[in-house]
Amino acid sequence: MVRSPLAQRCEDALSQASVKAYLPWVVAAALFMEQLDATIVNTAIPSIAASLGVTPLSLKSIVSSYILSLAVGIPVSGWMADRFGTRRVFAVAIVIFTLASVLCGMAVNAPMMIAARLLQGLGGAMMMPVGRLAIIRTFPKSELLGAMNFVIIPALIGPLLGPTVGGLVVHWVSWRYIFFINVPVGLIALFLVFRYMPDYRAAQRRPLDVVGLILFSSGTALLSWFLEIFGEHTMAPLTAGVILASSLGLLGAYALYARGRKFPLLRLSLFHIRTFRIAAVGGFLTRLGLGGMPFLLPLLYQVGLGFPAWKSGLLMMPAAIAAMAMKLVSQRLLHRFGYRQILVVNTVCIGLTIGLFAFVGADTPLVLIVMLGLTQGFFNSLQFSCMNSLAYADIDDQDSSMASTISSSFQQLSMSFGLAAGSLVTAWFLGDVPQSNRTMVISALHHGFATLSIITVISSLTFWRLRQNDGESISRGTALRLQR
């Protein structure tokens, strides 16, 4: 039976509505699995080391190998989605990540564990930018913020739940279940992908920029690895200088090389779009201060205040609760005040809440600590939603894949820089203070919070370059207009 045009349009509309309803759940489930796994492993490293018969320090490569895979895989993910389609690439990413999780749980020695983590990182590298690309191409700009608000929640909750869930799993069952819990989540996500994930491809196929991939991926991988180990191990100044110079040299060589390419791996000309540039650079600087908090807060709670690990983990939960509450009001706030005012004021508020932790001591009521965590979680979540959505406000549809890849690469680097900043601040102020001296530990940590607070407040200056009407295609649904 031949369908009438009206019936076909109704069917297409229902199909699109179904995709819009379920696609955020698909992407959110995959990102939650990825973000939870990225942090849950840290808690289990001592147990994994004891089981495999190695020292915990030798297993730090479990974390660094995952970060290296992300740095290498993210830049090529946009090209893969354009070439093979978002549905196929996202499904393959989930399969790789889930199978690698099983291999991690079955590891019998350290090399097998590290190899499985490398494979897992490659799967994660494809999930984040490809999932974001599917969201961007499915939802019009007027609906983009709401969809991204929903998807960003797992990225905020995962790192907060990771230490707590990891500690409980290791305490009650084997560390191997940390990886096995990814299997049911992965299977559910895979079913939803084939049912609701749209299959977007580029209208014009572009060749893979192999030279650019080698230059950029090796540069970001080396820089990410350097920042990962620099914050945790003492390194000779000459060695550190050579590694840092090599990584920056590779990235600089890519920037020069990409200028003359018709199809570069990452088209850096997108930074000529002012809103994209400010969102990327401003987000990078803001995360320098935010990245130190996962290091400083557990030290404050456990070493400084003497709380047990489970209580310290629970004190991280208010931020997750506030993150979920934020999505109820962020769209109205943006519609009322706009990106410029929100980002300038909210960044300062984040800096102030970080600074308030410098006044938390042994005599601070627990309810005040919980309230401070709630406040910071709300501001952090609003910040990430605004920065991530602003990046696409003036991006044309044909550039969405490239913009997603560049944004994901910058976020990966900013995460590495933020973690390194937190490690350096912690090490600088703690120095040789014995952990048994709680008074001195708390004093050193207070200086660390004050430093990160200042860094975050200063980063708000980046958002002063925004104009009052920037991002209105998202915040108020007005017509797209390139702001250069």
Taking only residues two or more places apart in sequence or in another chain, which ones pass side-chain hydrogen bond (donor to acceptor under 3.5 Å, both in side chains) with Thr220?
-> none
Any residue meeting ring pair (Phe, Tyr, Trp, His ring centres under 6.0 Å) with Trp25, in chain and number order, not counting sequence neighbours = Phe150
List the atom of Gly377, the atom of Ala322, and the distance in Å for their closest heavy-atom pair.
-> C-CB, 3.8 Å
Who passes side chain to side chain contact (heavy atoms under 4.5 Å, CB included) against Ile458, sequence neighbours left out?
-> Ile454, Leu461
List for me each residue that meets side chain to side chain contact (heavy atoms under 4.5 Å, CB included) alongside Ala450, sequence neighbours excluded, and say none if there are none.
-> none
For residues 282-291, run the donor-acceptor check on the side chains, cut-off 3.5 Å, and write out each pair with its distance to 0.1 Å, sequence neighbours left out.
unit_1: Thr286; atom_1: OG1; unit_2: Gly282; atom_2: O; d: 2.9
unit_1: Thr286; atom_1: OG1; unit_2: Ser459; atom_2: OG; d: 3.4
unit_1: Arg287; atom_1: NH1; unit_2: Gly283; atom_2: O; d: 3.3

Not counting sequence neighbours, which residues clear ring pair (Phe, Tyr, Trp, His ring centres under 6.0 Å) with Tyr254? List them please.
-> Phe216
Tell me, which pairs form a salt bridge (charged side-chain N to carboxylate O under 4.0 Å, His left out) where one or both residues lie in residues 250-273, sequence neighbours left out?
-> Arg267-Asp399
In terms of side-chain heavy atoms, does Gln383 have a donor or acceptor partner in Thr347 at a distance below 3.5 Å?
-> yes
Scan for ring-ring contact (aromatic ring centres under 6.0 Å, His included) pairs involving residues 393-412, sequence neighbours excluded, and state none if there are none.
-> Phe271-Phe410
Residues passing the side chain to side chain contact (heavy atoms under 4.5 Å, CB included) test with Leu192, sequence neighbours excluded, are Val26, Ile188, Tyr196
Among all residues two or more places apart in sequence or in another chain, which pass the side-chain hydrogen bond (donor to acceptor under 3.5 Å, both in side chains) test with Ser408?
-> Arg132
State which residues pass side chain to side chain contact (heavy atoms under 4.5 Å, CB included) with Val360; sequence neighbours excluded, sorted by chain then number.
-> Leu300, Leu305, Phe357, Thr364, Ile369, Leu372
Answer yes or no: is there a donor N or O on one side and an acceptor on the other, between the side chain of Asn388 and the main chain of Phe384, under 3.5 Å?
-> yes
More than 12 foreign heavy atoms under 6.0 Å from CZ of Phe263: is that the case here?
-> yes
Arg274/Asp470 under salt bridge (Lys or Arg N to Asp or Glu O under 4.0 Å): CA gap, chis, key distance, verdict = CA-CA 9 Å; Arg274 189 167 43 79; Asp470 279 343; 2.6 Å; yes
Looking only at heavy atoms, which two atoms of Met126 and Ala93 are closest? And how far apart?
-> CB-CB, 3.6 Å
Could you name each residue pair satisfying salt bridge (charged side-chain N to carboxylate O under 4.0 Å, His left out) that touches residues 70-97, not counting sequence neighbours?
-> Asp82-Arg137, Asp82-Arg206
